[in-house]
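Encoded as structure tokens, the structure appears first; notes follow it.
Just so we're clear, the structure is a prediction, and the values are computed from it rather than from any experiment. The basis for the numbers below is simple: all heavy atoms, side chains too, and nothing from hydrogens, waters or symmetry mates. Below, chains carry the letters A, B, ... as their sequence lines are ordered, and counting in each starts from 1.
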Amino acid sequence: METVTLQDYKTSEKSWWCPGCGDFGVLAALQKTLVKLGIPPHRVAIVAGIGCSGKMGNYINSYNIHVVHGRTLPSALGVKLANRDLLVIAAGGDGDGFAIGMNHFVHAVRRNIGVKYIVMDNHIYGLTKGQNSPTSDQGQKVKAAPFGNVESPVRPLSLALTAGATYVAQGFSSNQAQLARLIEGAIAHPGFAFVNVLSPCVTYNKINTYDFYKQMLYDLDADKDYLPDSRGRAISAVLEREELVTGLIYHDPGSVAYEDALPGFSQEPLAGRDITLGEAEFEELLASYR
Amino acid sequence: MPTSFAWMIGGDQGEGIDATGDVFGRVLSRLGYCIYGYRHFSSRIKGGHTNFTVRIAREKVLAPQANVEVLVALTQETIDRNCHLLAPGAPLLADSQLKPTLPEACRAQLVEIPLTQIAREIGAPVVRNMVAVGASTALFGLPLEAFAAYAREKFARKGETVAGQNVEALQRGRAFIEELGMAGRFSLPEPAPRERYLMTGNDSLALGALAGGCRIMAAYPITPATDIMEGLAGLFPRFGGAVCQMEDELAAITLVIGANYAGARAMTATSGPGFSLMQEGIGLASMAEIPAVVVDTQRVGPSTGMPTKNEQSDLMAAVFGGHGEGQRIVMAPGTAEQAFADGFEAFNLADRYQCPVIILSDLALAQWLQSVEDLPLKQHRIDRGAIVAQEELDRLTGEFERYRVTEDGISPRALPGMPKGQFLATGVEHASSGKVSEAPQNRVSQVEKRSRKLAPLRTRPEAIEARQVDDAEVVVVCFGSIVGAVDEAVERLRQAGVRAGRVQVRQLWPMPDLPLTGALSGAAKVLVAEQNATGELRQLMRIAGLEDSRYRSLLHFDGTLLSPERVVAAVQAMSVKEEV
Ligand SMILES: Cc1ncc(C[n+]2csc(CCOP(=O)(O)OP(=O)(O)O)c2C)c(N)n1
Ligand code: SF4
């Protein structure tokens with residue numbers, strides 16, 4: 001195994017996040033995990049959405065593609081299908097994933113694509129300066145909703161579970177050890193692995209703060225009676241606590257990734273395969289049009 | 001004697017009209033005739049009038065015929081809507097069960113034939129249409145055995161009984177016409193037997209893409225593009241590829257971009273509404289210099305428009321759609337052979353120029369059957385464009401400069417998985433390293449670099465196809481599927497003593513201004529024929545500095561395919577002598 005160091009994953013670019021932003025913790029946990037697993041940077045492709053969170057790819061020395069707002073998951077699927085040997089990580093915000101990209105989230109879950117999806121869920125739109133996001137609490141007052149948010153929030157964990165997710169976890173950006181463990185589990189999982197990270201926006205969200213989470217979060221990993229092996233129990237566990245939980249919530253050991261389920265799909269990376277079509281094969285195809 | 005014949009079958013949707021037209025056309029193709037098979041249908045699955053016409057000729061034809069020699073009617077509506085296409089005395093075969101009547105003005109010969117009843121007697125009501133095919137073989141004096149052999153082959157999988165019932169249906173239909181003494185009513189010219197294929201532009205485009213190395217296809221179903229996805233879905237598993245039916249076109253285009261970024265050849269295919277949704281993604285491919293192949297099979301727009309009718313009105317969307325000023329290559333095939341060639345070459349262009357390539361197809365090309373003599377695979381070779389060598393990456397001391405400013409604007413890319421090639425591909429403006437940069441100077445140099453890339457395409461030899469322009473007084477300029485109608489019109493005009501020629505624009509953007517200037521230099525008049533209401537091709541030519549006082553427009557936008565007759569009339573109306 002090549003030795004991989006943290007330095008390998010650093011870029012020359014300085015992070016532009018606000019001091020204290022939860023996203024620093026997510027980046028650090030991801031880098032640490034990649035180093036721990038000894039995965040060299042050229043084997044990793046990070047597909048990032050638009051938002052403060054989407055800057056993730058700018059600060060990590062891997063192959064990065066920073067796409068259009070909300071299309072993180074379909075782009076990531078494209079990367080995975082082209083080169084299945086890559087570790088493909090999709091990363092974005094709650095707006096990117098559960099507003100403009102919600103459609104793709106549910107379908108990526110249901111396809112069980114071989115992509116690890118890390119959402120930096122700050123319950124707010126950071127980059128556009130503080131509008132409510134689909135995960136914002138009811139009543140949250142922002143400039144675009146001065147009388148308070150009247151919508152009830154999306155519950156990403158239960159949504160993923162009911163859509164058929166095979167790996168569902170939630171971390172908290174200041175609990176590095178747990179977050180790294182959850183990401184490690186996601187990387188080992190065949191198929192779609194969803195890690196929602198409560199990652200406070202210190203600038204625009206005055207409700208879902210570090211202190212708020214420290215008080216409110218319940219750690220399922222520490223609960224000896226909780227086993228992440230039943231979808232039904234997982235759904236009730238997260239719903240009962242309004243999703244204010246951390247840990248591995250559900251894991252299906254029998255998961256089969258989309259790329260393994262596709263009929264006839266290449267076992268080697270398509271990117272490296274010979275793509276010339278033989279004359280005889282072509283003639284045979286043409287013959288069916290006689 | 002006419003040089004081509006048209007046979008039309010009409011009925012309600014869901015009654016197997018297309019399948020019957022396909023059988024009739026395919027056997028005639030095997031007999032050595034050139035076929036053009038076109039249809040009229042509506043956006044319904046069951047019910048609603050539909051018809052399928054098989055035009056039969058000795059030489060290649062690619063346009064509908066103004067009249068039909070034979071009409072087979074399975075509904076009274078078929079008669080009412082189409083009998084005006086028949087010459088006086090021409091046979092109209094109608095199922096007796098309809099108790100068919102002819103509209104007062106119609107002078108066709110109504111031949112009642114008990115299609116349904118014969119099929120019932122055979123014990124298989126579904127063979128009704130085959131009875132009509134059998135009857136038609138008699139009218140045209142065609143060898144029944146060829147049809148019977150085809151039926152046996154086609155229905156072999158369904159067992160002896162089904163195949164036998166179909167053959168019997170053919171025989172009974174034929175016998176009925178023979179007994180009426182109508183056999184051999186039309187004599188077709190001797191065919192020029194040679195192997196031909198009968199396919200649609202969607203079929204050949206899909207084959208071109210496969211041959212061009214496409215292994216990932218992502219799409220959301222939409223008429224008239226879906227056949228491409230369906231065709232490849234059947235083929236890709238043999239070649240290790242995948243067709244992904246996505247949740248929408250936003251997903252389809254961004255999947256394609258992700259896959260091309262990571263080194264596969266991937267495409268999507270859609271039509272107007274989906275193409276509108278893809279615009280933001282196409283902009284990303286332009287900005288991050290990622291190859292992407294997008295097929296837009298145009299139909300009538302805007303909005304849902306007329307989903308099953310012809311139009312060529314997405315030129316501006318293809319060239320300028322989306323925000324900002326992104327680089328795109330827009331190709332426009334007009335025949336199945338060209339759709340194959342473009343389906344292949346689009347991937348080479350996309351890789352070579354690292355930008356989106358749009359293949360602007362249209363409904364008639366996409367879905368109508370045409371005879372194809374050859375799809376010359378050997379003329380094409382895969383070219384992956386500039387990819388940095390691993391040794392070069394290994395020698396690097398600093399970062400890989402993915403967007404290095406080069407003389408021709410093309411910067412070699414690294415593919416994910418290549419050690420030391422890591423870079424950021426982003427839709428945000430970036431410096432040569434890929435890192436985000438909003439510095440004014442950098443912006444200018446990156447914009448110029450990206451624009452510079454496409455300059456050589458302006459003189460690409462394959463960008464236009466000119467015919468008979470050397471001595472032409474009037475040159476008709478067109479693109480897409482109407483090239484068949486234009487060619488036929490030019491031939492008729494020449495026969496009538498008008499020196500006409502045509503230029504087909506095969507690459508709409510970058511506009512091949514120099515080749516076009518050359519091809520049009522001798523013409524006294526230029527008629528730009530297109531299927532839209534605002535003259536989009538002419539506008540593009542104007543933008544490219546081509547238009548002058550010789551130019552006129554022929555705009556056709558009623559949803560039907562432009563006919564040779566309209567082109568002939570338009571050229572004749574342009575009095576060449578009046579303003580020399
Ligand atoms: C199509 C489109 N619409 C709107 C925007 C503007 N926009 C950029 S980021 C963003 C929301 C960001 O919120 P989130 O995804 O939660 O990320 P965060 O900044 O909080 O990390 C929006 C609306 C855009 N870039 N593209
Ligand atoms: S605005 Fe919020 S989410 Fe964005 S960088 Fe600052 S703290 Fe982080």
Side-chain angles (χ1 to χ4, degrees), chain A residues 11-13 40-45 47-48 50 55 57-58 61-83 85-86 88 103-104 106-107 111 259 262-273 275-277 279 281-282 285-287 289-290, chain B residues 26 29-30 195 197-199 203 207 210-211 213 215-216 218 235-242 244 246-248 250-252 254-266 280-281 283-284 288 372 375 377-378 382 399 415-428 435-436:
Chain A
T11 61
S12 55
E13 188 161 354
H42 66 270
R43 304 236 54 92
V44 180
V47 183
I50 302 290
K55 300 244 159 77
N58 301 22
N61 178 34
S62 59
Y63 278 94
N64 291 300
I65 172 168
H66 189 195
V67 296
V68 287
H69 193 29
R71 316 302 157 210
T72 318
L73 288 171
S75 309
L77 174 56
V79 174
K80 186 69 186 175
L81 292 179
N83 187 342
D85 282 359
L86 297 171
V88 182
N103 195 12
H104 311 309
V106 176
H107 293 286
R111 286 189 188 106
E259 57 277 17
L262 283 172
F265 188 64
S266 178
Q267 291 299 310
E268 314 110 61
L270 278 180
R273 268 174 75 131
I275 48 174
T276 44
L277 183 64
E279 195 74 32
E281 226 156 4
F282 183 63
L285 295 177
L286 266 183
Y289 293 97
R290 285 264 158 71
Chain B
R26 217 162 275 285
S29 170
R30 289 182 174 191
E195 296 260 288
Y197 309 103
L198 195 59
M199 51 173 51
D203 293 333
L207 284 179
L210 173 75
R215 293 294 180 271
I216 295 175
L235 295 176
F236 271 176
R238 278 174 59 183
F239 300 93
C244 306
M246 299 309 287
E247 50 275 22
D248 56 30
L250 306 159
T254 46
L255 188 154
V256 165
I257 291 170
N260 277 288
Y261 164 74
R265 283 190 158 181
E280 192 196 11
L284 169 65
V372 168
L375 295 180
L377 180 64
K378 284 202 200 82
I382 287 170
E399 288 171 323
L415 302 179
M418 292 175 78
K420 295 187 74 182
Q422 297 93 281
F423 69 97
L424 170 66
T426 172
V428 182
K435 295 216 163 49
V436 170

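With a 4.5 Å cut-off on side-chain heavy atoms, B:Arg238 and A:Glu281 count as touching. Looking only at side-chain heavy atoms (C-beta outward), A:Arg43 and B:Pro419 stay at 4.5 Å or farther from each other. Taking the side chain as every heavy atom from C-beta outward, A:Arg290 and B:Glu195 approach each other to under 4.5 Å. Contact of the A:Val67 side chain with the B:Ile257 side chain is not registered, since no non-hydrogen atoms from C-beta on lie closer than 4.5 Å. Side-chain contact check for B:Leu198 versus A:Tyr289: every heavy-atom pair is 4.5 Å or farther apart. Contact annotation: the side chain of B:Leu375 approaches that of A:Leu286 to within less than 4.5 Å [non-hydrogen atoms, C-beta and beyond].
Shortest non-hydrogen contact noted between B:Ala264 and A:Leu270 is CB-CB, 4.3 Å. A pairwise comparison of heavy atoms in A:Val79 and B:Tyr261 identifies CG2-CD2, 4.1 Å as the closest pair. The two residues A:Ser62 and B:Gln422 have their closest heavy-atom pair at O-CB, 3.4 Å.
Ranked by non-hydrogen atom pairs under 4.5 Å with chain A, the options B:Ala252, B:Gly283, B:Cys244 are led by B:Cys244. In terms of heavy-atom pairs under 4.5 angstrom with chain A, the leader among B:Pro416, B:Pro237, B:Ala262 is B:Pro416. Between chain B and the residues A:Ser75, A:Ser266, A:Ser12, the largest count of heavy-atom pairs under 4.5 Å involves A:Ser75. With chain A as partner, the option from B:Gly263, B:Ala425, B:Gly213 having the largest number of non-hydrogen pairs under 4.5 angstrom is B:Ala425. In terms of heavy-atom pairs under 4.5 Å with chain A, the best-connected choice from B:Ala218, B:Ala211, B:Ser29 is B:Ala211. Annotation: maximal heavy-atom pairing with chain A below 4.5 Å, among B:Ala288, B:Gly421, B:Gly427, B:Gly281, occurs at B:Gly421.
Using a 4.5 Å cut-off between heavy atoms, B:Ala266 does not touch chain A at all. Within the 4.5 angstrom heavy-atom criterion, no atom of A:Gln267 approaches chain B. Residue B:Ile216 touches chain A through its side chain alone, counting heavy-atom pairs closer than 4.5 Å. With a threshold of 4.5 angstrom between heavy atoms, A:Leu285 approaches chain B through side-chain atoms but not through N, CA, C or O. Looking at A:Thr276, the atoms closer than 4.5 Å to chain B (heavy atoms on both sides) sit in the backbone and in the side chain alike. Both the backbone and the side chain of B:Arg215 come within contact range of chain A, each with at least one heavy atom under 4.5 Å from a heavy atom of that chain. Both the backbone and the side chain of B:Ala251 come within contact range of chain A, with heavy atoms under 4.5 Å apart. Heavy atoms closer than 4.5 Å to chain B are found in the side chain of A:Leu262, but not in its backbone. Proximity to chain B (any heavy atom under 4.5 Å) is restricted, for A:Thr11, to the side chain, taken from C-beta onward. Only the side chain of A:Leu86 comes within contact range of chain B, judged by heavy atoms closer than 4.5 Å. Neither the backbone nor the side chain of A:Val47 has a heavy atom closer than 4.5 Å to any heavy atom of chain B. With a 4.5 Å cut-off on non-hydrogen atoms, B:Val428 touches chain A through its side chain but not through its backbone. Heavy-atom distances place both the backbone and the side chain of A:Phe265 under 4.5 Å from chain B.
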- Which is it for A:Glu279 and B:Lys378 under the side chain to side chain contact (heavy atoms under 4.5 Å, CB included) test, yes or no, and what are the steps along the way? CA-CA 8 Å; A:Glu279 195 74 32; B:Lys378 284 202 200 82; 3.5 Å; yes
- Task: Would you please test B:Leu210 and A:Phe282 for side chain to side chain contact (heavy atoms under 4.5 Å, CB included) and show each step?
- Result: CA-CA 9 Å; B:Leu210 173 75; A:Phe282 183 63; over 6 Å; no
- Message: For B:Lys435 and A:Asn58: C-alpha separation, side-chain torsions, deciding distance, then whether side chain to side chain contact (heavy atoms under 4.5 Å, CB included) applies.
- Response: CA-CA 7 Å; B:Lys435 295 216 163 49; A:Asn58 301 22; over 6 Å; no
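Summarising the geometry, atom CD belonging to B:Glu280 is positioned 6.5 Å from atom CZ belonging to A:Arg71; distances are rounded to the nearest 0.5 Å. Atom CG of B:Leu284 sits about 9.5 Å away from atom NE2 of A:His66, to the nearest 0.5 Å. Separating the CD1 atom in B:Ile382 from the CD1 atom in A:Ile275 is a distance of 4.0 Å, to the nearest 0.5 Å. Expressed to the nearest 0.5 Å, how far NE2 of A:His107 lies from CG of B:Asp248 amounts to 7.5 Å. Rounding to the nearest 0.5 angstrom, the gap separating the CZ atom in A:Arg273 from the CZ atom in B:Arg265 is 15.0 Å. Interatomic distance, B:Leu250 CG to A:His104 NE2, rounded to the nearest 0.5 Å: 5.5 Å.
Proximity of a side-chain donor or acceptor of A:Tyr63 to a complementary backbone N or O of B:Phe423 within less than 3.5 Å is not detected.
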